[in-house]
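The first residue of the sequence shown is numbered 1, and numbering continues consecutively from there. Note: hydrogens, waters and symmetry copies are ignored here, and every other heavy atom, side chains too, is used. Predicted, not measured: the structure shown is a model, and the values here were computed from it.
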Amino acid sequence: MSVAYDFAHSPASELSRPQHLLIDGRRVPASSGRSFKSLNPATGQVIATIAEGNEVDVDHAVAAARRAFEGPWRTMRASERGQILMRWAQLLKSHADEIVELESIDAGKPIAATLRQDFPAAVDTLIYYAGWADKISGDVVPVRDDALTYTVREPVGVVAAIVPWNFPLMIGMWKLAPALACGCTVVMKPAELTSLSALRIAELALEAGVPAGVFNVVTGPGRVVGDALVNHPDVDKVTFTGSPGVGRGIMKGAAGNFKRVSLELGGKSANVIFDDADLEAASKAAASGIFFNAGQVCSAGSRVLVQEKAYDEVVERLAARAKLLRIGDPLDRKTTLGPVISEKQMKSILDYVDIGQNEGATLVTGGERVGERGYFISPAVFANVEHEMRISQEEIFGPVVSVIKFKDDADALRIANGTAYSLAAGVWSRDIGRLQRFAKRARAGTVWMNTYGYTDVRLPWGGERDSGLGREHGTAAIDNFTEPKAVWMNLAV
């Protein structure tokens with residue numbers, strides 16, 4: 001989407017008023033009257049006061065979602081649902097300047113990247129699933145001559161969508177669009193750190209004609225709002241993106257009424273560069289693969305594996321690219337590296353920089369706080385990293401890359417598969433056979449060959465083990481939000 005947006009309008013005036021919950025088509029304060037402050041990670045300053053929901057608010061939202069599911073949304077013609085979602089997509093486009101600026105201020109995301117990737121991806125997802133609404137069908141299965149036997153797919157019901165802070169708009173839409181297209185209703189809990197875009201797009205959904213109660217937003221801490229949704233007896237499915245630890249807790253909580261669960265969790269993805277690869281292209285993509293969004297990406301290529309002969313050159317190229325990144329105000333279109341999301345996250349990343357050095361890895365460049373205001377970290381490149389080190393095994397979720405040396409194909413595969421994660425991997429070589437062998441044996445939900453980091457809503461996305469359970473995107477998402485039903489009609493009457 002190559003559109004020039006006008007940023008003359010600022011959401012600042014809207015943020016000056018309290019940001020209430022959205023339940024049953026209305027903006028309402030939290031039942032407790034409590035609120036919390038949302039901070040701009042580029043400045044550390046308060047940008048909004050947001051309602052702090054609790055179990056009572058979750059009850060109200062789930063009840064509204066249940067009424068809407070049993071009423072207008074489920075019984076509506078599928079084509080009409082699709083038309084409403086398409087109108088919503090058009091409204092998002094017409095409010096692009098406001099939404100993109102909100103996302104940039106709230107999440108510290110460089111506005112140029114948000115315009116180029118996050119916002120277009122969110123709109124594309126909504127349009128894609130709007131087109132699916134009237135195409136969700138079953139099959140006629142010829143079981144026997146005296147019966148008509150067929151299957152239909154029906155919406156799961158009320159969905160709890162728990163969204164992370166690193167891509168609040170884009171990942172939020174990954175959950176919303178297919179759930180609504182399938183005829184489900186949704187209670188969304190955005191991350192406490194990044195709630196603003198969810199509240200705004202929910203208002204636009206109402207304007208587009210989405211009935212009251214179909215899409216509700218309850219803001220607040222995960223330990224309260226998230227837990228209440230996971231344990232609620234009238235929620236039929238939980239879709240979550242976040243950490244493996246929280247994912248395990250969700251699976252336990254969902255056992256109460258055997259909710260369906262899909263989880264997209266962490267990653268420690270390997271980006272493998274063989275010595276016969278195009279080292280300039282591989283190094284450029286490897287830098288982007290770890291430093292994009294300040295490394296706060298589940299599929300970030302945080303482990304760059306390089307064959308021995310090419311190792312020193314790739315380390316040098318990565319360090320050079322890290323030094324070229326422009327750190328600064330996310331609203332400046334020339335900024336290429338914004339802040340990390342919070343002071344807590346910044347301290348965690350800096351702790352890992354210390355851990356890496358204490359383990360014996362060489363910090364080639366970066367790894368320091370930049371400035372005294374906001375949560376900026378200079379991109380860090382570690383060389384001489386051993387596979388067993390913590391910086392190689394644990395998800396740092398920041399702009400820190402570990403460059404690991406390997407000998408041959410078998411060694412590369414051993415290291416690439418040698419973590420608890422299995423979300424994604426990349427491989428670089430001019431040998432097509434080598435690429436194919438690696439892709440076949442890599443434990444990863446997505447494998448990129450001679451590129452890194454691309455996603456598309458038409459392709460399945462997800463992993464296994466500590467990277468999660470199930471898949472999002474494409475037809476997999478239709479399966480996530482529908483249940484198959486078998487119908488048997490006796491013809492021998």
>> Any salt bridge linking Arg458 with Asp456? Criterion: basic side-chain nitrogen under 4.0 Å from a carboxylate oxygen.
In response: yes
>> Taking salt bridge (charged side-chain N to carboxylate O under 4.0 Å, His left out) as the cut-off, I'd like each qualifying pair that reaches into residues 182-193, sequence neighbours left out, listed once.
In response: none
> Where do Val56 and His60 land on the side-chain contact (heavy atoms from CB on, under 4.5 Å) test, with the steps shown first?
Replying inline: CA-CA 6 Å; Val56 174; His60 292 162; 3.6 Å; yes
> Is Arg471 reaching over with its side chain to a backbone N or O of Gly445, donor-acceptor style, under 3.5 angstrom?
Replying inline: no
> Do Phe397 and Trp165 make the cut of ring centroids closer than 6.0 angstrom?
Replying inline: yes
>> Looking at Ser348 and Lys344, would you say the former's side chain and the latter's main chain have a donor-acceptor pair under 3.5 Å?
In response: no
>> With a 4.5 Å cut-off on side-chain heavy atoms, are Ile171 and Lys175 touching?
In response: yes
>> Testing the basics here: between Pro330 and Gly108, what is the closest heavy-atom pair and its distance to 0.1 Å?
In response: CG-O, 3.7 Å
> Under the side chain to side chain donor-acceptor pair (under 3.5 Å) test, which residues partner Asp329, sequence neighbours left out?
Replying inline: none
> Looking at residues at least two apart in the chain, or sitting in another chain, which of them share a salt bridge (Lys or Arg N to Asp or Glu O under 4.0 Å) with Arg153?
Replying inline: Asp479
> Side chains of His232 and Asp59: donor-acceptor distance under 3.5 Å anywhere?
Replying inline: yes
>> Quick check: closest heavy atoms across Cys182 and Ile478, and the distance to 0.1 Å?
In response: SG-CD1, 3.9 Å
>> Distance check, rounded to the nearest 0.5 Å: Ser197 atom OG versus Leu169 atom CG?
In response: 5.0 Å
>> To check you understand the geometry: which heavy-atom pair defines the closest contact between Gln117 and Phe167, and what is its length?
In response: NE2-CE2, 4.5 Å
>> Determine whether Ile47 and Asp106 satisfy the following criterion, side-chain contact (heavy atoms from CB on, under 4.5 Å), listing intermediate values before the conclusion.
In response: CA-CA 8 Å; Ile47 52 175; Asp106 201 22; 3.7 Å; yes
>> Can you list everything that forms a salt bridge (Lys or Arg N to Asp or Glu O under 4.0 Å) with Lys259? Sequence neighbours excluded, please.
In response: none
>> Using a 3.5 Å distance criterion without hydrogens, assess whether the side chain of Asn40 forms a donor-acceptor pair with backbone atoms of Gln45.
In response: no
> Does Trp88 use its side chain to pair, donor to acceptor, with the backbone of Ile201 at less than 3.5 Å?
Replying inline: yes
> With side chains defined as the heavy atoms from C-beta onward, is the minimum distance between Pro190 and Pro168 less than 4.5 Å?
Replying inline: no
Distance-only criterion, 3.5 Å: show the donor-acceptor pairs between side-chain atoms of residues 368-375 and protein atoms not counting sequence neighbours.
| unit_1 | atom_1 | unit_2 | atom_2 | d |
| --- | --- | --- | --- | --- |
| Arg369 | NE | Gly371 | O | 3.4 |
| Arg369 | NH2 | Glu372 | O | 3.3 |
| Arg369 | NH2 | Gly374 | O | 2.8 |

> When you look at Leu39 and Ser342, which way does the side-chain contact (heavy atoms from CB on, under 4.5 Å) test go after all the steps?
Replying inline: CA-CA 8 Å; Leu39 304 182; Ser342 67; over 6 Å; no
> Just by distance, do the side chain of Asp134 and the backbone of Ala78 share a donor-acceptor pair under 3.5 Å?
Replying inline: no
> Once you round to the nearest 0.5 Å, how far does CG of Asp118 lie from CE of Met173?
Replying inline: 12.0 Å
> Within the distance-only criterion (no hydrogens, no angle test), does the side chain of Thr151 pair as donor or acceptor with the backbone N or O of Pro484 below 3.5 angstrom?
Replying inline: no
>> Is it the case that the side chain of Gln393 and the backbone of Ile391 share a donor-acceptor pair, with hydrogens and angles ignored and the cut-off at 3.5 Å?
In response: no
> For the side chain of Asn216 and the backbone of Asp24, is there at least one donor-acceptor N/O pair under 3.5 Å apart?
Replying inline: yes
>> Quick check: closest heavy atoms across Val187 and Ala65, and the distance to 0.1 Å?
In response: CG2-CB, 4.0 Å
>> Can you pull out every salt bridge (charged side-chain N to carboxylate O under 4.0 Å, His left out) where at least one residue sits in residues 240-258? Sequence neighbours excluded, please.
In response: Arg248-Asp466
> Between Ile162 and Val225, does a side-chain contact (heavy atoms from CB on, under 4.5 Å) hold up when you go through it step by step?
Replying inline: CA-CA 10 Å; Ile162 303 176; Val225 177; over 6 Å; no
> Do the side chains of Lys237 and Asn480 get nearer than 4.5 Å, heavy atoms only?
Replying inline: yes
> For Gly367 and Val353, which heavy atoms make the closest approach, and how far apart are they?
Replying inline: O-CG1, 3.8 Å
>> If I take atom CD1 from residue Ile349 and atom CD1 from residue Ile377, how far apart are they, to the nearest 0.5 angstrom?
In response: 4.0 Å
>> If I take atom OG from residue Ser94 and atom CG from residue Leu204, how far apart are they, to the nearest 0.5 angstrom?
In response: 7.0 Å
> Out of curiosity, Asp351 CG to Ile396 CD1, how far, rounded to the nearest 0.5 Å?
Replying inline: 11.0 Å
>> Suppose we screen for side chain to side chain contact (heavy atoms under 4.5 Å, CB included). Which residues come up paired with Asp227, at least two apart in sequence or across chains?
In response: Arg223, Asn231
>> If the test is side chain to side chain contact (heavy atoms under 4.5 Å, CB included), which one of Leu318, Val401, Leu337 qualifies with Pro379?
In response: Leu337
> Should we say atom CE of Met251 is surrounded by more than 12 heavy atoms from elsewhere, each under 6.0 Å from it?
Replying inline: no
> Does the side chain of Thr194 come within less than 4.5 Å of Val163's, by heavy atoms?
Replying inline: no
> Looking only at heavy atoms, what is the nearest atom pair of His473 and Pro460, with distance?
Replying inline: CB-CA, 4.2 Å
> With sequence neighbours excluded, what pairs up with Thr49 under the side chain to side chain donor-acceptor pair (under 3.5 Å) test?
Replying inline: Lys37
> How about Arg260 and Asp236: do any of their side-chain heavy atoms sit closer than 4.5 Å?
Replying inline: no
>> Once side chain to side chain donor-acceptor pair (under 3.5 Å) is applied, do any residues pair with Thr336, and if so which ones, sequence neighbours excluded?
In response: none
> Of all residues at least two apart in sequence or in a different chain, which pass the side chain to side chain contact (heavy atoms under 4.5 Å, CB included) check with Arg87?
Replying inline: Gln83, Ile84, Ala208
> Okay, side chain of Tyr129, backbone of Gly474: is any donor-acceptor separation there less than 3.5 Å?
Replying inline: yes
>> Is the ring pair Trp448/Tyr452 parallel, tilted or perpendicular, if the boundaries are 30 and 60 degrees?
In response: tilted
> With a 4.5 Å heavy-atom cut-off, do Trp174 and Thr241 have their side chains touching?
Replying inline: no
>> Is there a side-chain contact between Arg321 and Leu325 in this structure, where contact means two heavy atoms from C-beta onward sitting under 4.5 Å apart?
In response: no
>> Restricting to salt bridge (Lys or Arg N to Asp or Glu O under 4.0 Å), what partner residues turn up for Lys485, sequence neighbours left out?
In response: Glu154
>> So Leu265 and Tyr421, do their side chains get closer than 4.5 Å, heavy atoms only?
In response: no
Please list every donor-acceptor pair under 3.5 Å in which a side-chain atom of residues 285-293 meets a protein atom from a residue at least two apart or in another chain.
| unit_1 | atom_1 | unit_2 | atom_2 | d |
| --- | --- | --- | --- | --- |
| Asn293 | OD1 | Lys109 | NZ | 3.0 |
| Asn293 | ND2 | Asn166 | O | 3.3 |
| Asn293 | ND2 | Gln296 | O | 3.1 |

>> Is it the case that the side chain of Ser104 and the backbone of Val100 share a donor-acceptor pair, with hydrogens and angles ignored and the cut-off at 3.5 Å?
In response: no
> Once you round to the nearest 0.5 Å, how far does CG of Leu263 lie from CZ of Phe240?
Replying inline: 7.5 Å
